[in-house]
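Okay, structure first, notes after.
All of these numbers come straight from a predicted model, not from anything done at the bench.
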Amino acid sequence: MPRKRQRVQILNNAPCKMILHESTEKHETSSYSEEQKPKISKYFQNPGIHLLSEFYNQPCTELAKSFLGQVLVRKLPDGTELRGRIVETESYLGGDDEASHSRGGKRTERNVAMYMKPGTIYVYQIYGIYFCMNVSSQGDGAAVLLRSLEPLEGLDIMRNFRNGRRNEKAKPLKETELCNGPSKLCQALDINKSYDRKDLTNDQDTWIEAGSKILDEDIVSCSRIGIGNAGEWTKKPLRFYIKGNKYVSVRDKYAEANKTFQNTSPDCHAKNNFNTLK
């Protein structure tokens, strides 16, 4: 997980099977036979349904990419629901991953959620005031950090939650600034340490719904934010975000250029392949 840095920096930075939106236009009858028709996960076909255990039960890097396009929901005590599309994630693999809270198999009262069933929320605190939300995956001590959301519903409430923790003289928040960082999204959705160890598959206050399908060609893979003194893990391409999405916390232009090169030159192999862990 990111090491402690300047507070301002923390806030500024602080293949599932998603749903294909139905078109209102009429389409020609498919020429596929029943046997030839591609099989599509139920999550592709049912936008808005809660993601179940089988979704979360996949390797950490795959889960991190699968989260892109899905919708995080936070239900407030009065019944109001806040929604944001996940547009940026980071995977922390545990074990040999020197940037992970569970590196070397380390288990503490703080990180126990990382060892719980896939789909368990892991919330940790930085500087005693900011929170970051993660979700456990397959693998001992492995979890995905939710870095940024695209606000969908309840933006005024999100803004109020954010403003309640900002200087009164600060500039008004833009829509793109509401959830473009791990601590920001927790502030906007009022997620704190009390959500640690909750199960996303059955919790009544927080869950993730099926959203839109993000193609592999639109997923940028690059190094994680704020990782220092982690040896070779510092530069591992374990951060994932939706290319061109304006709600992402930090763009990696080099990784984007490399992705574009790969997409436009299928027979060529870039020297630094961001889709393969060395």
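Criterion: ILVMFWY side-chain heavy atoms under 4.5 Å apart, direct or through other members. Under it, Val71 and Ile219 are not part of a common hydrophobic cluster. In the hydrophobic cluster analysis, where Ile, Leu, Val, Met, Phe, Trp and Tyr join through side-chain heavy atoms closer than 4.5 angstrom, Leu76 is grouped together with Met133. Follow the hydrophobic side-chain contacts under 4.5 Å out from Ile157 and you reach Leu185 in the same cluster. When the side chains of ILVMFWY residues are joined at heavy-atom separations under 4.5 Å, either directly or via intervening members, Val123 and Leu63 end up in a single hydrophobic cluster. Ile121 and Ile191 fall within the same hydrophobic cluster, defined by Ile, Leu, Val, Met, Phe, Trp and Tyr side-chain heavy atoms under 4.5 Å apart, directly or through other members.
In this structure, Lys193 places its NZ atom where more than 12 heavy-atom neighbours from other residues, nucleotides or ligands lie under 6.0 Å away.
For the atom pair Ser183 OG and Tyr130 OH, the distance stands at 7.5 Å (nearest 0.5 Å). With values rounded to the nearest 0.5 angstrom, Asp196 atom CG is found 9.5 Å from Asn111 atom CG. The distance from the CG atom of Leu189 to the CG atom of Leu149 is 6.5 Å, given to the nearest 0.5 Å. Of the inter-residue distances, the one linking Thr176 atom OG1 with Lys246 atom NZ reads 7.0 Å to the nearest 0.5 angstrom. To the nearest 0.5 Å, atom CG of residue Leu178 and atom CD of residue Gln187 are 11.0 Å apart. Taking OG of Ser66 as the start and CD of Gln58 as the end, the distance is 3.5 Å to the nearest 0.5 Å.
For the pair Thr206 and Leu72, the tightest heavy-atom approach, listed with the atom from each and the gap, is CG2-CD1, 4.1 Å. Taking every heavy atom of both residues into account, Cys179 and Pro151 meet most closely at SG-CG, 4.1 Å. Between Glu177 and Pro172 the shortest heavy-atom distance is OE1-O, 4.1 Å. When all heavy atoms are compared, the tightest approach of Pro182 to Cys132 is CB-SG, 3.9 Å. Closest non-hydrogen pair, Val144 versus Cys60, comes out as CG2-O, 3.6 Å. The heavy-atom pair separating Leu52 from Thr201 by the smallest distance is C-CG2, 3.9 Å.
Residues satisfying the side-chain hydrogen bond (donor to acceptor under 3.5 Å, both in side chains) test with Thr234, not counting sequence neighbours, are none. Residues passing the side-chain hydrogen bond (donor to acceptor under 3.5 Å, both in side chains) test with Asp96, sequence neighbours excluded: none. Applying the side-chain hydrogen bond (donor to acceptor under 3.5 Å, both in side chains) rule to Lys243 yields the partners Thr260; only residues at least two apart in sequence or on another chain are considered. In this view, Tyr115 satisfies the side-chain hydrogen bond (donor to acceptor under 3.5 Å, both in side chains) rule with no residue, not counting sequence neighbours.
Gln204 places a side-chain N or O within donor-acceptor distance of the main-chain N or O of Asn202, the cut-off being under 3.5 Å. Looking only at distances, no side-chain donor or acceptor of Asp252 sits under 3.5 Å from a matching main-chain atom of Cys222. Of the possible donor and acceptor atoms, none in the side chain of Asn245 sits under 3.5 Å from a partner among the backbone N and O of Ile242. No donor-acceptor distance shorter than 3.5 angstrom exists from the side chain of Glu150 to the backbone of Gly84, with no hydrogens or angles considered. Between the Asn163 side chain and the Arg159 main chain, a donor and an acceptor come within less than 3.5 Å of each other. In this structure a side-chain-to-backbone donor-acceptor pair under 3.5 Å is present from Asn134 to Tyr122. Ser102 places no side-chain N or O within donor-acceptor distance of the main-chain N or O of Gly105, the cut-off being under 3.5 Å. Without hydrogens or angle criteria, Ser136 side chain to Met114 main chain gives no donor-acceptor distance under 3.5 Å. Between the side chain of Arg83 and the main chain of Glu209, no donor-acceptor pair closer than 3.5 Å is present.
Side-chain contact between Asp199 and Lys117 is present, with heavy atoms from C-beta onward closer than 4.5 Å. Side-chain contact between Glu153 and Leu82: absent, with no pair of heavy atoms (C-beta onward) separated by less than 4.5 Å. Two residues are said to be in side-chain contact when any heavy atoms from C-beta on lie closer than 4.5 Å; Ile225 and Arg239 meet this criterion. Within the 4.5 Å cutoff, the side chain of Tyr56 has heavy atoms near those of the Leu51 side chain. No side-chain heavy atom of Glu98 sits less than 4.5 Å from a side-chain heavy atom of Ile227.
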Stepwise side-chain contact (heavy atoms from CB on, under 4.5 Å) test for Thr61 and Leu93: CA-CA 8 Å; Thr61 54; Leu93 310 183; 4.0 Å; yes
Pair Phe55-Gln70, side-chain contact (heavy atoms from CB on, under 4.5 Å): steps then yes or no: CA-CA 11 Å; Phe55 175 91; Gln70 312 305 323; 4.0 Å; yes
Verdict with reasoning, Glu88 to Ser249, per side-chain contact (heavy atoms from CB on, under 4.5 Å): CA-CA 8 Å; Glu88 181 183 2; Ser249 64; 2.9 Å; yes
Working for side-chain contact (heavy atoms from CB on, under 4.5 Å), residues Ile208 and Ile86: CA-CA 9 Å; Ile208 297 180; Ile86 300 170; 4.2 Å; yes
Worked check of salt bridge (charged side-chain N to carboxylate O under 4.0 Å, His left out) between Glu109 and Arg197: CA-CA 11 Å; Glu109 181 65 18; Arg197 306 183 196 179; 2.8 Å; yes
Salt bridge (charged side-chain N to carboxylate O under 4.0 Å, His left out) between Glu90 and Arg224, intermediate numbers included: CA-CA 7 Å; Glu90 289 179 349; Arg224 295 169 292 191; 5.5 Å; no
Criterion salt bridge (charged side-chain N to carboxylate O under 4.0 Å, His left out) on Lys65 and Glu62, from CA distance to verdict: CA-CA 5 Å; Lys65 289 184 282 188; Glu62 292 306 308; 3.5 Å; yes
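Residue pairs that meet the ring pair (Phe, Tyr, Trp, His ring centres under 6.0 Å) test with at least one member in residues 170-225, sequence neighbours left out, are His50-Trp207. Here ring pair (Phe, Tyr, Trp, His ring centres under 6.0 Å) pairs that include residues 152-174, with residues two or more places apart or in two chains, number zero.
Between the side chains of Tyr241 and Glu256, a donor-acceptor pair is found at a separation under 3.5 Å. Using a 3.5 Å distance cut-off with no hydrogens or angles, the side chains of Glu175 and Tyr247 do pair a donor with an acceptor.
Not less than 6.0 angstrom separates the ring centroid of His101 from the ring centroid of Tyr92.
Of the listed residues (Asp190, Asp205, Asp203), just one forms a salt bridge (charged side-chain N to carboxylate O under 4.0 Å, His left out) with Arg74, and that residue is Asp190.
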